[in-house]
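Working notes, beginning with the structure itself.
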Amino acid sequence: MRSYCQNRGNSITGFFCEILKLLSFATSKMMYSSRRKPVLYFKEDKRFWSGKCTVYKLFCLCMVLVLVSLLWLQLSCTGDMSRVVVDDGRIPHQPCPLERQASAADDPSWGPHKLALLIPFRERFEELLVFVPFMHTFLNNKKILHKIFVINQMDHYRFNRASLINVGYTESGNDTDYIAMHDVDLLPLNEALDYGFPEEGPFHVASPELHPLYHYKTYVGGILLLTKQHYHMCNGMSNRFWGWGREDDEFYRRLRSAGLQLFRPSGIKTGYKTFRHIHDPAWRKRDQKRVAAQKQEQFKVDPEGGLTNLQYKVESRQELTISGAPVTVLNTKLECDTDKTPWCLLN
């Protein structure tokens with residue numbers, strides 16, 4: 001037993017080892033006493049805590065400490081802290097469930113609609129650890145029922161933001177009725193920004209007059225809200241855009257072809273300070289290469305591609321929490337027809 005206890009470093013096992021040592025010591029003392037001459041015993045006070053410390057009292061005290069420790073571990077979130085591996089990075093996972101959003105479903109002031117926040121993602125863990133808890137708190141403060149989806153591209157093709165959003169729309173479930181196409185590096189700082197149900201038409205939250213980087217009139221990237229019905233009317237986004245850029249410009253044309261009116265925020269006076277852009281281009285450069293015929297094809301409209309020809313496989317689905325915020329990670333592998341879009345691979 002002594003060698004077993006010496007090899008145990010954590011506090012809980014050490015605690016039990018100390019109990020075993022005490023019990024072993026008490027047992028040995030009792031065995032030694034049985035071999036001694038009989039002694040005269042005098043009548044003592046029967047109260048439990050009075051008199052000398054006995055083996056029985058010590059044993060009861062140890063049992064009370066054990067029960068208190070087990071109860072503390074049961075109630076504590078940190079007692080069962082684990083880590084979950086996502087692709088090549090590690091995200092901390094806290095197993096205690098959040099009750100706030102579950103109870104919000106019964107509060108009529110939160111409204112009947114639920115948002116699927118779609119985050120196309122690859123190897124942006126620093127941004128993700130900031131984004132998820134920030135957005136969870138932001139949307140809760142605005143009483144927006146929501147579910148956060150991280151669509152993690154884990155294949156060996158170039159990053160395809162549009163296809164990942166298509167995957168998120170398809171996998172988001174029937175309990176959500178509108179989506180937010182949301183960049184992981186863009187945080188809303190103004191509480192007046194509207195993330196509510198865009199019933200009248202697509203709502204571009206990160207409009208050109210507010211976005212810190214992109215200011216042209218047809219820009220619809222960054223953060224765009226759509227009902228699932230409107231997104232389906234557009235056949236989703238084109239799957240032809242491998243690498244960074246241009247998929248939003250093509251989607252703007254889809255919105256117009258579907259006859260949908262685009263809405264943007266009004267009355268926001270914070271200008272280019274409305275959002276915080278946490279992407280560092282010097283640290284993480286974007287894939288802006290144009291391969292083969294990609295330079296000519298990137299300006300064309302894709303009349304057939306979208307949800308109808310999306311090819312992918314969800315390798316795993318993980319329910320995590322990041323700093324107390326729940327998130328669903330969809331580890332996804334996209335498929336590429338190299339005859340039609342050879343630029344999905346870098347030569």
Side-chain angles (χ1 to χ4, degrees), residues 115-122 124 126-128 130-139 142 144 146 148-151 153 159-169 172 178-198 201-227 230-231 234 236-238 241 243-256 260-281 284-288 298 327:
L115 171 66
L117 191 69
L118 308 182
I119 310 169
F121 179 82
R122 174 183 268 177
R124 302 281 290 274
E126 294 84 0
E127 290 94 334
L128 187 69
V130 175
F131 178 88
V132 170
F134 180 94
M135 287 305 303
H136 180 65
T137 301
F138 183 87
L139 294 173
K142 297 181 71 63
I144 301 291
H146 63 278
I148 301 176
F149 293 90
V150 174
I151 308 94
Q153 184 177 342
F159 186 66
N160 192 323
R161 177 178 180 271
S163 292
L164 295 177
I165 292 174
N166 286 340
V167 173
Y169 164 85
S172 58
Y178 71 112
I179 66 172
M181 302 155 54
H182 211 300
D183 287 351
V184 72
D185 57 7
L186 199 61
L187 304 178
L189 301 180
N190 193 322
E191 292 288 339
L193 289 170
D194 188 5
Y195 274 74
F197 186 73
F203 185 75
H204 188 210
V205 181
S207 58
E209 67 273 11
L210 302 177
H211 195 284
L213 297 179
Y214 308 113
H215 310 138
Y216 57 95
K217 294 182 179 180
T218 59
Y219 176 68
V220 292
I223 310 169
L224 181 65
L225 307 180
L226 298 96
T227 67
H230 290 160
Y231 193 77
C234 298
M237 303 185 76
S238 172
F241 291 86
W244 180 82
R246 299 298 182 185
E247 74 281 345
D248 292 324
D249 297 333
E250 200 271 348
F251 190 68
Y252 175 80
R253 300 182 184 181
R254 291 182 177 232
L255 295 175
R256 297 190 62 181
L260 296 173
Q261 182 179 356
L262 182 67
F263 294 87
R264 285 181 167 135
S266 61
I268 303 295
K269 300 180 180 180
T270 46
Y272 297 152
K273 297 182 179 180
T274 304
F275 300 94
R276 178 188 171 197
H277 192 252
I278 59 176
H279 176 80
D280 185 356
R284 194 183 303 277
K285 296 182 179 180
R286 291 188 173 101
D287 175 13
Q288 296 178 298
Q298 66 183 344
V327 58

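Every residue two or more places apart in sequence or in another chain that forms a side-chain hydrogen bond (donor to acceptor under 3.5 Å, both in side chains) with Arg264 is listed here: His204. Asn166 is linked by a side-chain hydrogen bond (donor to acceptor under 3.5 Å, both in side chains) to Tyr231, Asn239, counting only residues two or more places apart in sequence or in another chain. When the side-chain hydrogen bond (donor to acceptor under 3.5 Å, both in side chains) test is applied to Asn190, the partners found at least two apart in sequence or on another chain are Thr270. Qualifying side-chain hydrogen bond (donor to acceptor under 3.5 Å, both in side chains) partners for Tyr252, counting only residues two or more places apart in sequence or in other chains: none. Residues that satisfy the ring pair (Phe, Tyr, Trp, His ring centres under 6.0 Å) test with Phe197, not counting sequence neighbours, are His113, Tyr178. When the ring pair (Phe, Tyr, Trp, His ring centres under 6.0 Å) test is applied to Tyr272, the partners found at least two apart in sequence or on another chain are His215.
Taking 4.5 Å as the limit, some side-chain heavy atom of His136 sits within range of a side-chain heavy atom of His146. In this structure, Glu250 and Met237 have side chains that are not in contact, with every pair of non-hydrogen atoms separated by 4.5 Å or more. Here the side chains of His211 and Leu186 are in contact, with some heavy-atom distance below 4.5 Å. Between Asn160 and Glu247 there is no side-chain heavy-atom pair separated by less than 4.5 Å. Here the side chains of Pro265 and Phe203 are in contact, with some heavy-atom distance below 4.5 Å. Side chains of Leu164 and Phe121 form no contact here, defined as non-hydrogen atoms less than 4.5 Å apart. With a 4.5 Å cut-off on side-chain heavy atoms, Val167 and Pro120 do not count as touching. You'll find the side chain of Ile278 stays beyond 4.5 Å of the side chain of Phe134, heavy atoms only.
When all heavy atoms of Val205 and Leu210 are compared, the pair lying nearest together is O-CD1, 4.1 Å. Pairing each heavy atom of Lys142 with each of Ala192, the nearest pair is NZ-C, 4.3 Å. The two residues Pro208 and Tyr216 come nearest to each other via the heavy atoms CG-O, 3.2 Å. A pairwise comparison of heavy atoms in Ser172 and Ala116 identifies CB-CB, 3.9 Å as the closest pair. Nearest approach of His277 to Leu213, heavy atoms of both residues: CE1-CD1, 3.6 Å. The heavy-atom pair separating Pro202 from Leu255 by the smallest distance is CG-CD2, 3.9 Å.
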Is there a side chain to side chain contact (heavy atoms under 4.5 Å, CB included) between Phe138 and Leu187 once you walk through the steps? CA-CA 10 Å; Phe138 183 87; Leu187 304 178; over 6 Å; no

When you look at Leu224 and Phe251, which way does the side chain to side chain contact (heavy atoms under 4.5 Å, CB included) test go after all the steps? CA-CA 11 Å; Leu224 181 65; Phe251 190 68; 3.7 Å; yes

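Put simply, the side chain of Lys273 never gets that close to the backbone of Leu189: no donor and acceptor are under 3.5 Å apart.
One finds the CD1 atom of Ile179 at 11.0 Å from the CZ atom of Phe149 (value rounded to the nearest 0.5 Å). Distance OH/Tyr169 to CG/Leu118: 11.0 Å, rounded to 0.5 Å. Thr274 OG1 to Lys269 NZ: the interatomic distance, rounded to the nearest 0.5 Å, is 12.5 Å. With rounding to the nearest 0.5 Å, the separation of CG in Asp183 from CG in Asp248 is 7.5 Å.
Side-chain rings of His182 and Phe131 approach one another, their centers coming within less than 6.0 Å.
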